[in-house]
A.B. asks: 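What follows is a structure written as C-alpha cells; I'll ask about it next.
In this text, all values refer to a predicted model and were calculated from it rather than measured experimentally. A note on names: the letters A, B, ... follow the listed sequences, proteins ahead of strands, and every chain is numbered from 1.
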Amino acid sequence: MLELRFIRENIDLVKEKTARRGMETTLLDEFSRVDKQRLALLAKVEGLKNKRNTASAEIAVLKRGSQSDRDKAEPLIGEMRETSQQIKELDLQLDDIQEKLQRIVMAIPNLCNDDVPVGQDESENIEVKTWGEKPSFSFKPKTHWELAEEQDIVDFETAAKLSGARFALLKGFASKLDRALTNFMLDLHTEKHGYTEVLPPFLVNSASMTATGQLPKFEEDLFRIKDWDLYLIPTAEVPVTNIHRDETLNESDLPIKYTAFTPCFRSEAGSHGRDTRGLIRQHQFNKVELVKFTTPETSFDELENLLQDAETVLQMLNLPYRVVTLCSGDLGFSATKTYDIEVWLPGQNCYREISSCSNFLDFQARRGRIRYRPQGQKKSRLVHTLNGSGLAVGRTLLAIMENYQQEDGTIRLPEVLKPYFKPRFH
RNA sequence: GGAGAGGUGACCGAGUGGCUUAAGGUGCACGCCUGGAAAGCGUGUGUACGAGAGUACCGUGAGUUCGAAUCUCACCCUCUCCGCCA
C-alpha cells in the first residue's frame with residue numbers, strides 16, 4: 001500500500017508508474033474524487049466531535065457544582081443529545097466513504113523502481129548475467145517427465161486419482177531427493193548465510209494475506225478453507241513476513257533474516273493449458289524461502305545479497321542459470337524490483353524460473369504496520385521487506401533430473417547432496 | 001467441547017462512568033556527574049489522519065450514555081484445569 005498523502009500529492013507520478021505496468025489508471029481518478037469527499041466529511045464530523053467533547057467537560061464541571069449549576073447542565077445535555085445523533089449519522093457516511101477509499105488504495109500497485117526496464121510482458125525482461133556451462137550430451141536429453149516415467153519416480157496418474165490435475169506423487173529416488181534438497185538449502189542458508197530457520201503455519205488468516213498483498217485483489221489465486229477465515233499459503237513469504245506484523249523492531253536487530261521451508265499452494269487460475277506436463281506448474285510444491293526486514297537505506301543492497309544467496313544454491317549444485325530483471329509489465333503487484341533466476345533445462349531446451357527475489361520497499365510494511373525505531377530517535381519508521389526463493393524445491397528437483405541424466409535414464413546425484421542422501425534405501 | 005482467569009503504550013503493569021491530558025516501572029533519548037564508563041540524579045519519550053485547530057485509538061465489533069479503558073451484548077485470542085485426540 002502506498003501512503004495516502006503521497007498518492008494525493010504525487011497523483012501524476014503514481015498514474016504514470018501504474019501505466020508503466022500496463023494497468024488502468026481510472027482507479028486513480030476515482031481516488032482523487034473519493035479522497036476529497038472524505039476530507040470534507042472528516043472536517044465536518046471532527047468539528048461536531050470537538051463541540052461534544054468541549055460540552056462534556058463543561059457538564060462534568062457543572063455536575064460537581066451546586067444545585068443551580070447542576071440545573072444549568074440540563075439544557076446542555078439536551079443539546080448534546082442532538083449533536084450526538086448528527087455525529088452518529090455522519091460517522092456512518094464516513095465509514096462508507098472510507099471503505100470505498102480503502103478498496104481503491106489497496107488496489108494500487110507499488111511504484112516500480114526507476115531502473116526497472118519498461119516493457120509489457122516477460123519477453124521484455126532483461127538478462128543481467130548467466131552462470132555455468134550448459135551440459136552437452138552424447139544422446140538426446142529427455143524431459144523430466146519422460147525420465148520420471150521411465151524410472152518410476154513420479155506418478156502423475158495416481159496423484160490425479162488422489163487429487164486431480166496438477167498434483168504429483170513422488171516415489172523413492174524423487175521423494176528422497178526432494179527431502180535432501182530441502183535440508184541442503186536450509187543448512188546452507190542458516191550455516192553460511194546467517195538466516196534464522198522458522199517453520200510457520202501453512203494456513204493463515206485474511207489479515208496476513210492482506211498485509212503481504214495477496215488480498216483483496218488476488219483471492220482467486222488462493223485456496224480457501226470452507227467456513228474458516230483461513231487460506232493455504234501460496235508461499236512462505238506470507239506467514240514469515242507477518243511474523244512482525246503490528247510490531248516495532250529495534251534498529252540494532254536489523255536486518256532480520258529468516259529462511260523457511262513450506263509447501264506452497266496455488267490455484268493457478270487463469271493458467272489453464274499452460275505447462276500441463278511434468279512438475280513445472282503444480283497446485284502444491286515445496287519451497288525454501290528467504291525473507292528479510294531491513295532499514296530503507298539498505299534494502300537495495302540487501303536485494304543484491306539475497307539474490308547472491310539464492311544463486312549460491314544453484315552454483316553449489318552446478319546447475320547453469322541466468323538472472324533477469326523483470327520489466328515493468330511482468331513485475332508483481334507489491335514489488336518495486338524483482339530479479340528472476342532461471343535454471344537451464346536441457347530436456348526442454350529452455351530456461352525456466354526457479355527463484356524470484358524482490359524488494360517491496362515499505363509497501364508490505366505499511367499494510368502490516370511493521371516498523372522499527374532508528375537508533376537515537378523517538379519516531380518510528382516503516383521497515384523495508386524483501387523475499388526470494390532459495391529455491392523452489394520441486395523445480396530444482398526437475399532441473400537436477402534433466403541436467404544430471406545419463407544415457408540409461410538414471411540420474412546422477414550432485415556431489416553436495418551426497419551427505420544428505422542414503423541411496424541404498426528406497 | 002465444559003469451567004475459570006485474562007487481553008491496556010516499544011515492554012511490564014495500575015486503572016469499575018467525567019482533573020485519565022492512561023499512574024508507576026523498564027527500555028530508549030538528551031543533560032548533569034566521570035579521565036572514560038557503570039551506578040545515581042534531572043528532563044523528555046505512543047500511533048494514525050489533518051495545513052492547523054483538532055479528531056480517533058486501551059483485543060475486535062455493536063450497544064447504553066450528554067460523556068466509556070471503565071457498564072451491557074456478541075465474537076476473537078492467550079493462560080489454567082477437565083474431557084477428547086496425533
Side-chain angles (χ1 to χ4, degrees), chain A residues 1-10 31-32 34-66 69-102 104-106 199-211 225 227-231 239 242-254 256 293 295 362-383:
Chain A
M1 190 167 86
L2 300 174
E3 191 183 7
L4 214 59
R5 188 207 294 245
F6 180 89
I7 306 171
R8 187 182 301 139
E9 290 173 359
N10 300 278
F31 169 86
S32 300
V34 178
D35 183 51
K36 283 195 186 80
Q37 280 178 18
R38 173 177 165 272
L39 286 182
L41 195 55
L42 202 59
K44 207 163 154 190
V45 184
E46 288 195 351
L48 285 174
K49 284 185 177 171
N50 179 228
K51 189 172 148 194
R52 181 182 68 184
N53 288 349
T54 310
S56 276
E58 272 175 53
I59 291 167
V61 171
L62 291 173
K63 286 271 189 181
R64 270 194 302 274
S66 62
D69 278 345
R70 286 198 289 267
D71 291 342
K72 273 188 237 163
E74 285 311 317
L76 200 50
I77 288 173
E79 196 188 325
M80 282 310 108
R81 198 166 289 156
E82 242 172 81
T83 306
S84 269
Q85 194 52 42
Q86 281 176 41
I87 290 172
K88 203 171 277 183
E89 282 161 24
L90 289 177
D91 264 341
L92 280 176
Q93 288 178 38
L94 191 61
D95 283 349
D96 194 51
I97 286 178
Q98 243 145 3
E99 201 180 300
K100 215 189 265 176
L101 191 67
Q102 187 69 2
I104 294 168
V105 173
M106 289 295 229
L199 180 61
F202 304 157
L203 296 170
V204 300
N205 57 29
S206 53
S208 296
M209 285 292 187
T210 304
I225 308 298
D227 297 329
W228 290 74
D229 179 33
L230 285 174
Y231 298 81
N242 274 279
I243 288 173
H244 296 298
R245 175 153 53 83
D246 291 312
E247 287 183 11
T248 305
L249 306 162
N250 289 318
E251 182 173 20
S252 54
D253 296 332
L254 300 178
I256 294 175
F293 301 83
T295 61
D362 58 13
F363 190 85
Q364 295 180 326
R366 182 170 296 107
R367 288 175 164 233
R369 294 162 301 279
I370 309 170
R371 304 172 215 280
Y372 78 101
R373 196 173 307 283
Q375 206 76 50
Q377 285 179 44
K378 46 186 183 179
K379 242 186 131 47
S380 59
R381 302 169 75 192
L382 294 166
V383 301

A.B. asks: So does A:E82 have more than 12 non-hydrogen atoms from other groups sitting under 6.0 Å from CD?
C.D. replies: no
A.B. asks: With sequence neighbours excluded, tell me which residues meet side chain to side chain donor-acceptor pair (under 3.5 Å) with A:R245.
C.D. replies: A:S208, A:N242
A.B. asks: Between protein and nucleic acid, restricted to nucleotides 24-26 of chain B and to nitrogen or oxygen atoms under 3.5 Å apart, what atom pairs and distances do you find?
C.D. replies:
none

A.B. asks: Taking A:R52 for the side chain and A:M80 for the main chain, is one N or O donor matched with an acceptor at less than 3.5 Å?
C.D. replies: no
A.B. asks: Given a 3.5 Å cut-off on both pairing distances, which stems involving RNA chain B, each at least three consecutive Watson-Crick or G-U pairs, are present, if any?
C.D. replies: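 Stems (3+ consecutive pairs) listed as B:1-7 with B:76-82, B:10-12 with B:24-26, B:27-32 with B:40-45, B:46-49 with B:54-57, B:59-63 with B:71-75.
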A.B. asks: With a non-hydrogen cut-off below 4.0 angstrom, is A:R369 in contact with a base, only sugar-phosphate, or nothing?
C.D. replies: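 It contacts nothing in the nucleic acid.
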A.B. asks: Counting only heavy atoms and a strict 4.0 angstrom limit, can you tell me which residues of residues 243-251 of chain A come near RNA chain B?
C.D. replies: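 Per residue number, the list reads A:T248.
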A.B. asks: From B:A56, B:G54, B:A51, pick the nucleotide closest to the side chain of A:E46?
C.D. replies: B:G54
A.B. asks: When you match A:K88 and A:L4 each to their closest nucleotide on RNA chain B, which lands nearer the 5' end?
C.D. replies: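 Here A:L4 is the residue nearer the 5' end.
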A.B. asks: Between protein and nucleic acid, restricted to nucleotides 66-70 of chain B and to nitrogen or oxygen atoms under 3.5 Å apart, what atom pairs and distances do you find?
C.D. replies:
residue	atom	partner	partner atom	Å
B:C66	OP1	A:R81	NE	3.0
B:C66	OP1	A:R81	NH2	2.5
B:C66	O4'	A:I77	O	3.3
B:C66	O3'	A:S84	OG	3.2
B:G67	OP1	A:S84	OG	2.7
B:G67	O4'	A:S56	OG	3.2

A.B. asks: In whole angstrom, give me the gap between the P atoms of B:A68 and B:G17.
C.D. replies: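 Approximately 14 Å lies between the P atom of B:A68 and that of B:G17.
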A.B. asks: Among residues 89-98 of chain A, which contact RNA chain B at a heavy-atom distance under 4.0 Å?
C.D. replies: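 Result for residues 89-98 of chain A: none.
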